[in-house]
Amino acid sequence: MRRLLIILASLALSLLGLGVPTVSAAALPLTLVKNGFTNPDLVTNAGDDRLFVVERGGVVKIIHDDNSVSTFLDLTSIVSQNGGEQGLLGLAFHPDYSLNGLFYVYYTLRNGNEQLSEYQRSTDDADVADSKSQRVLLTLSDPYSNHNGGWMAFKGDYLYLSLGDGGSGGDPQNRAQNLNSWWGKILRINPLDPDGNGPLTYSVPASNPFVGRAGKDEIWSYGVRNPWRCSFDDLTGQMWCGEVGQDRFEEIDRVKSGKAVNFGWRKVEGFHYYKWGSHSPGNLCAGSCYKLPIAEYAHGDAGGGYRCSVTGGFVSRRVGAPLYGSYVFGDYCSGEVWTIPANFVAGSGLPDPVSGTGYKISSFGEDNLGRIYLVDLAGGAIYGLDDS
């Protein structure tokens with residue numbers, strides 16, 4: 001219902017001819033919501049007033065209305081956080097969570113592999129998960145400790161999951177372009193519709209691009225290096241992703257809903273050819289068979305100062321907020337935050353950052369009213385943005 005109200009209000013604003021407001025640093029306050037967390041890498045909601053905070057070590061906590069904090073799920077006994085990019089990396093609540101209590105987590109196992117599992121909330125306490133309700137959907141053999149992806153979100157009945165290229169540097173086995181590999185992909189499945197013809201605990205939408213063709217049926221898009229946080233625009237349905245670069249450029253990707261694409265890694269990094277090892281990138285392909293980003297910024301190695309790793313965010317659709325109609329994203333190393341219009345023209349130069357927070361921005365998130373939040377990994381804190 002909240003999403004419908006946001007969309008209707010947004011359409012009303014469009015009809016009135018109201019443009020996207022100009023956002024200045026002064027219009028982007030950061031309000032401390034809660035600190036004291038250990039390596040938080042995600043904040044999200046379950047369709048109500050609570051905020052759920054994911055700690056990389058394997059714990060999901062709840063910030064309640066009264067600003068108290070409690071533990072919702074503890075997976076520390078099975079989660080590894082070695083190598084800096086492992087841990088509890090993703091959390092998504094089913095659209096019917098208020099009725100079925102189902103949610104999904106993506107994490108690194110102690111043996112270094114990645115796993116996608118379904119859990120259910122306790123029948124006795126809505127603020128506690130049933131730790132014994134686990135249903136494993138996918139277990140992925142991980143060749144390296146880095147580039148594990150971890151963004152998850154529902155659009156309709158379908159669960160989307162981003163997977164990095166599996167790690168090392170320069171995707172040495174070219175997994176992102178290999179349609180028989182999970183790595184370097186964005187997957188799309190229906191977790192509540194098990195395949196009755198085999199061992200799968202989920203079904204694959206018939207509209208996925210490789211159903212009935214060579215390649216894994218679960219693949220929705222491919223050619224990504226390590227998409228670190230994606231989101232869907234509530235108004236347009238477009239998917240936005242922050243794609244972490246290799247040595248020189250960070251990029252922002254935007255695609256139409258349901259349009260499966262090849263994002264081009266490892267042949268492109270941002271708008272540029274990428275040369276791996278002693279190999280020349282050559283031609284990308286014959287014709288337009290890859291999707292270039294809509295924006296990029298220079299990594300530190302290319303003159304970008306302390307910038308090193310993009311963190312994708314959200315398009316604000318909270319009516320009356322200064323950020324309405326803007327996509328918000330940041331850089332993990334520099335702590336800078338940018339905003340660009342949702343209709344940003346591909347290839348246009350990025351504006352200056354609107355805020356230099358100084359925080360290690362591991363994620364952005366939304367509450368059930370569409371307010372945007374920023375997660376500081378090193379400081380263990382959650383900050384609110386997008387105030388009216």
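At distances below 3.5 Å, not a single donor-acceptor pair connects side-chain atoms of K256 with backbone N or O atoms of T236. Checked by atom type and distance alone, the side chain of Q238 never pairs as donor or acceptor with a backbone atom of R254 at under 3.5 Å.
Between R307 and E336, at least one side-chain nitrogen of the basic residue sits less than 4.0 Å from a carboxylate oxygen of the acidic one, meeting the salt-bridge criterion. A salt bridge between K291 and D253 is absent, with no side-chain N of the basic residue lying under 4.0 Å from a carboxylate O of the acidic one. E269 and R248 are not joined by a salt bridge, as no carboxylate oxygen comes within less than 4.0 angstrom of a charged side-chain nitrogen. Residues D48 and R50 are paired through a salt bridge, judged by an N-O separation under 4.0 Å between the basic side chain and the carboxylate.
Screening D142, D165, N226 for a side chain to side chain donor-acceptor pair (under 3.5 Å) with H147, the sole residue that qualifies is D165. Each of H299, R225, R266 was scored for a side chain to side chain donor-acceptor pair (under 3.5 Å) with Q246, with one residue passing: R225. Remark: of the listed residues E114, R110, Q86, Q86 is the sole one forming a side chain to side chain donor-acceptor pair (under 3.5 Å) with S80.
For F329, the ring-ring contact (aromatic ring centres under 6.0 Å, His included) test picks out Y327, W338, with sequence neighbours left out. Residues that satisfy the ring-ring contact (aromatic ring centres under 6.0 Å, His included) test with W151, not counting sequence neighbours, are F232.
A distance of 6.0 Å or more separates the ring centres of F103 and H94.
Taking OG from S362 and OH from Y332, the interatomic distance works out to 7.5 Å, rounded to the nearest 0.5 Å. Distance OG/S221 to OH/Y160: 8.5 Å, rounded to 0.5 Å.
The stretch residues 337-366 participates, sequence neighbours left out, in no disulfide (SG to SG under 2.5 Å) pair at all.
R371 and S316 are not linked by any side-chain donor-acceptor pair at a separation below 3.5 angstrom, with hydrogens and angles left out of the test.
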